[in-house]
J.: 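What follows is a single structure, and I will ask about it in a moment.
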Amino acid sequence: MRSPNTERELVERAGQMVMQHIRLRGRCECLATSDERGVDGFLLVLRTTMHVPAPDRVEMNYYFARKIREMLQTDAPIMLWIQDSKDASRMASMVSISTARVVAQIRAANPSPQELVAAELVQRLREEVQQGREERRRRQRHLEVPATDLAELGVV
């Protein structure tokens, strides 16, 4: 059984090897983690000057975790956090983000029960209005009478 610090160093070194293997230049740092159940794991932080597209990062997370687990023959959870050149410039521009903005983002992602009820009510009302519109359109189509050609009546 390896000590937690030794295992962390091994995961960090394995992360550096995977970076070299895929030709990703930058720094690799490994942090030991523990979740609410007490399961120990690792957070691998990659900082690179290269661009790593955000949509591809989820797949890279699985790739790095699988490769490191294979190399070290471990089943410890391994998460990947990538900070690329674009992230660094974005962070520099977001230095002055306000508390109100952060609170609004959290509230939007986690609506209260009252907000959920209100949103359901609004959705139900929208559906009722849409159904009413469709019903009126159907009735109007049935009431429409073909236009009479006035020339045939001799009234022109």
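Values below: every heavy atom of this structure, side chains too, minus hydrogens, waters and symmetry copies.
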J.: State plainly whether the residues Arg8 and Glu12 are in salt-bridge range, i.e. N to O under 4.0 Å.
T.: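 Counted as a salt bridge, because a side-chain N and a carboxylate O are separated by less than 4.0 Å.
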J.: Any heavy-atom pair between the side chains of Leu46 and Arg27 that's under 4.5 Å?
T.: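 No. Closest side-chain heavy atoms not under 4.5 Å.
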J.: How about Leu44 and Cys28: do any of their side-chain heavy atoms sit closer than 4.5 Å?
T.: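 Answer yes - side chains close enough.
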J.: Tell me, please, which residues at least two apart from Leu43 pass side chain to side chain contact (heavy atoms under 4.5 Å, CB included).
T.: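 With neighbours one apart ignored, the set is Leu31, Thr33, Val45, Met79, Trp81.
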J.: Just wondering, do Leu10 and Thr74 contact through their side chains at under 4.5 Å, heavy atoms?
T.: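 Thr74 vs Leu10: side chains apart.
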J.: At their closest point, which heavy atom of Ala76 faces which heavy atom of Asp40, and how far apart are they?
T.: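 For Ala76 versus Asp40, the nearest heavy atoms are CB-O, 4.2 Å.
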J.: Output side-chain donor-acceptor pairs under 3.5 Å for residues 131-138, partner residues at least two apart or in another chain, one line each.
T.:
residue : atom : partner : partner atom : Å
Glu134  : OE2  : Gln130  : NE2          : 3.3
Glu135  : OE1  : Arg138  : NH2          : 2.9

J.: Kindly indicate, with the supporting measurements, whether the criterion side-chain contact (heavy atoms from CB on, under 4.5 Å) is fulfilled by Gln83 and Thr48.
T.: CA-CA 6 Å; Gln83 183 180 9; Thr48 180; over 6 Å; no
J.: Using side-chain heavy atoms (C-beta onward) and a distance below 4.5 Å, is Asp84 in contact with Arg57?
T.: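 A side-chain contact exists here, since the closest heavy-atom pair is under 4.5 Å.
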J.: Check which hydrophobic residues are tied to Leu121 through side-chain heavy-atom contacts below 4.5 Å, counting indirect links as well, and list them.
T.: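 Members besides Leu121, by chain and number: Leu125.
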J.: Taking only residues at least two apart or on different chains, which pairs with a member in residues 59-68 satisfy side chain to side chain donor-acceptor pair (under 3.5 Å)?
T.: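 Every side chain to side chain donor-acceptor pair (under 3.5 Å) pair that includes a residue of residues 59-68, provided the two are not neighbours, is Arg66-Glu70.
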J.: Could you tell me which non-hydrogen atom of Phe42 sits nearest to which non-hydrogen atom of Ala32, and how far apart they are?
T.: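 Minimum heavy-atom contact is CD2-CA, 4.2 Å.
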J.: Below 3.5 Å, can you tabulate the donor-acceptor pairs from side chains in residues 107-114 to any protein atom, sequence neighbours excluded?
T.:
residue : atom : partner : partner atom : Å
Arg107  : NH2  : Glu115  : OE2          : 2.8
Asn110  : ND2  : Ile106  : O            : 3.1
Ser112  : OG   : Gln114  : OE1          : 3.3
Ser112  : OG   : Glu115  : N            : 3.2
Ser112  : OG   : Glu115  : OE1          : 3.4

J.: Using residues 13-26 as the side-chain source, report each donor-acceptor pair under 3.5 Å to any protein atom, sequence neighbours left out, with the distance given to one decimal.
T.:
residue : atom : partner : partner atom : Å
Arg13   : NH1  : Gln16   : OE1          : 3.2

